[in-house]
Amino acid sequence: MPGKLSFTLAVLVALEATTLASALPQSPKRRFNSGTRAVSLVRHPRTLKSAEEWGTWAYAHRRRMQAKYGGPVEGKGELGRRSSGTNMMVNQGGDSSYYGTMSLGTPGTSFNVILDTGSSDLWVADSNCQAGCTSISTFQSSSSSTFQNLSTPFQITYGSGQAQGTLARDVVQMAGFAVPNQVFATCDLVSSGLLQNPVSGLMGLAFSTIASSGAVPFWQTLASGGAWDSPVMGFYLTRFNNVTNAQKLEPGGSFDMGFTNTSLYQGDIDYVALPTKATYWILPLNSLSVNDSSISIPSGSSSYAAIDTGTTLVGGPKSVIAHLFGQIPGSQPGTGNFEGYYTYPCNTPVIVRLGFGNSSQTWPISSDDFKLSELDQGQCLGAFFELSGGGSAPPWIIGDTFLKNVYSVFRYDPPSVGFANLSSTAISMNGVTGPVPSSTQGSTVATVSATGAPTTLSGDATSSTFGMMGAMTVVTTSLMAAMVGMLM
Ligand SMILES: *[C@@H]1O[C@H](CO)[C@@H](O)[C@H](O)[C@H]1NC(C)=O
Ligand SMILES: *[C@@H]1O[C@H](CO)[C@@H](O)[C@H](O)[C@H]1NC(C)=O
Ligand SMILES: *[C@@H]1O[C@H](CO)[C@@H](O)[C@H](O)[C@H]1NC(C)=O
Ligand SMILES: *[C@@H]1O[C@H](CO)[C@@H](O)[C@H](O)[C@H]1NC(C)=O
Ligand SMILES: *[C@@H]1O[C@H](CO)[C@@H](O)[C@H](O)[C@H]1NC(C)=O
Ligand SMILES: *[C@@H]1O[C@H](CO)[C@@H](O)[C@H](O)[C@H]1NC(C)=O
């Protein structure tokens, strides 16, 4: 779509309050009803990017890396009725991002949010939004009878993209679960390109220890409060990046809360314990191979990998990425916008396998996922890129490029991440274009109150306990949003 190139470039420019444009009138909200209700979504063909557009995207993608640190705040919920639920996701922009639907306020209004295991804050664009919310559905706090403005400033920075606003408290519901007093942020300054219609915000699914708001995330309140049959979140992410007629919105797979769906995987779930205190969902990456030829990788904390549904690709240390592509005849380091990436001959199938922790299991990545895009002259862009991090940030970020190949399980207790082989049922959903899932809420099966004040973190969320401090390398949703901007 014309115009998206400059749109994405704008993401690279720091947001300045003095240059904010007025928000355009917002589209009407969708309301939840009890039960299921279809929401029609306009489907647009996804246009293929030129090499130049890929270059711009690649450059932006690499720059958009950073982590977020907060202080420890733990919540204890009340025991609710144990249950489980599923949120059917949408695949946006040919595997760029995966979002689900939540309901906010009383009466509940539905919002689409990126489901991001690489961060821990929940935020939505609000109706006072002054920048970055054009044609985005926004939250109108005055229409919720349970809305409480906490008047605490909030800001989160994802590399050069950021969202800024105020902390608030209201009812949040998803997949049949409700937290009546969830702390979240209403944002009115959002970097251009961070949100792509119909997405209005982001739901962080990592631990409260890295929440910039200091709040206990929705999922963690439910898991720690005993609302779930089993303290797990399961993901199956669909693949559309190798389908030329894919639309910008396609069925995205399944986000399972409180259970694992045995129809979506076969065999055992191979769990590996988190090697650190729970912050990100980190696993040690202990083996890496290309076509069964092993690549040596650093061990100890140098092997730490954040398992991140909110990242599109896989990032790792420069020298390892160089060795990886060194195994592929005809590969070349990218230059210019492609610096940090590699290209390789499109007609070379490449099977990369990853292994984690003590497990002897290794997990292959489909050649279709490794091949991000054909640039020109038969050279394709690879989906592994150099992450130049440092400090306490994990040196690896394992995103959707990998996660599309497994059923992944994020287990609260004991803290671990597990992977299982996809079932034939799951695999058969890949690339099958169709209507995107409708917003569903159903009746509430469990309610858990969050405890713990968000302000116990530092008293002032603007003092930025995360952000530029330390060396930050987590690519989360900001980059995906930029990518979606390029793809649409
Ligand atoms: C919350 O209060 C602050 C002032 O403390 C105000 O700037 C902000 O717009 C309010 N947020 C909402 C969503 O009403
Ligand atoms: C996409 O990849 C899957 C395997 O992951 C394959 O079954 C399917 O045929 C591919 N589709 C296209 C259009 O190449
Ligand atoms: C499990 O996945 C299958 C296949 O998508 C689906 O039909 C079924 O409804 C899911 N089960 C639950 C309990 O969500
Ligand atoms: C996954 O599938 C592979 C190939 O069939 C098999 O070798 C492996 O044991 C399976 N893993 C698990 C955990 O079931
Ligand atoms: C990987 O193996 C396939 C099948 O044997 C082969 O066609 C391909 O060239 C190999 N790729 C690399 C990078 O060696
Ligand atoms: C590896 O295995 C050892 C012994 O079985 C166990 O004590 C350790 O916790 C395991 N480490 C991980 C990361 O799973």
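Heads up: numbering here begins at 1 and tracks the sequence. Remember, it's 1-based here, ligands and their atoms both numbered in the order they're listed.
With respect to atom 3 (C) of ligand 3, the closest heavy atom belonging to the protein is Asn261 ND2, 3.6 Å. The shortest contact between atom 4 (C) of ligand 3 and any protein heavy atom is with Met429 CE, 3.8 Å. Here the heavy atom of the protein found nearest to atom 14 (O) of ligand 3 is Thr86 OG1, 3.3 Å. Of all protein heavy atoms, the one lying nearest to atom 7 (O) of ligand 1 is Thr166 OG1, 4.4 Å. The nearest protein atom to atom 5 (O) of ligand 1, hydrogens excluded, is given as Ser151 OG, 3.1 Å; this is a heavy-atom distance.
Look at Tyr236 and you'll find every heavy atom at least 4.0 Å from all atoms of ligand 3.
With ligand atoms numbered from 1 in the order given, ligand 1 contributes 1 (C), 2 (O), 3 (C), 8 (C), 10 (C), 11 (N), 12 (C), 14 (O) to contacts under 4.0 Å with heavy atoms of Asn149. Residue Ser141 has at least one heavy-atom neighbour below 4.0 Å for each of these atoms of ligand 1: 12 (C), 13 (C), 14 (O).
Here the two rings, on Phe325 and Phe370, have centers that are under 6.0 Å apart. Note: Phe235 and Phe410 meet the aromatic proximity criterion, with ring centroids under 6.0 Å apart. Ring-centre distance between Trp363 and Phe356: not below the 6.0 Å cut-off.
Where the criterion is an N or O separation shorter than 3.5 Å, residue side chain and backbone included, Gln327 fails it with respect to ligand 5. Geometrically, ligand 5 and Pro349 share a nitrogen or oxygen pair separated by less than 3.5 Å.
A donor-acceptor pair under 3.5 Å links the side-chain atoms of Thr117 to the main chain of Ile307, judged by distance alone.
Of the heavy atoms in Phe147, only side-chain atoms (C-beta onward) come closer than 4.0 Å to ligand 1. Contact annotation: for Asn128 versus ligand 1, heavy atoms closer than 4.0 Å belong to the side chain alone. For Asp256, no heavy-atom contact with ligand 3 is shorter than 4.0 Å.
Across the listed options Asn347, Asn291, Val350, Asn291 owns the non-hydrogen atom lying nearest to atom 12 (C) of ligand 5.
With 2.5 angstrom as the limit on SG-SG distance, Cys380 and Cys346 come in below it.
Arg239 and Asn91 share no side-chain donor-acceptor pair at under 3.5 Å.
Residue Asp95 comes nearest to Thr238 through the heavy atom pair OD1-O, 3.7 Å, listed as atom of the first residue, atom of the second, then distance.
Note that atom 9 (O) of ligand 5 has protein non-hydrogen atoms nearby, at separations under 4.0 angstrom.
Evaluated for a side-chain contact (heavy atoms from CB on, under 4.5 Å) with Tyr407, the options Thr262, Asn421, Asp256 yield exactly one hit, Asp256.
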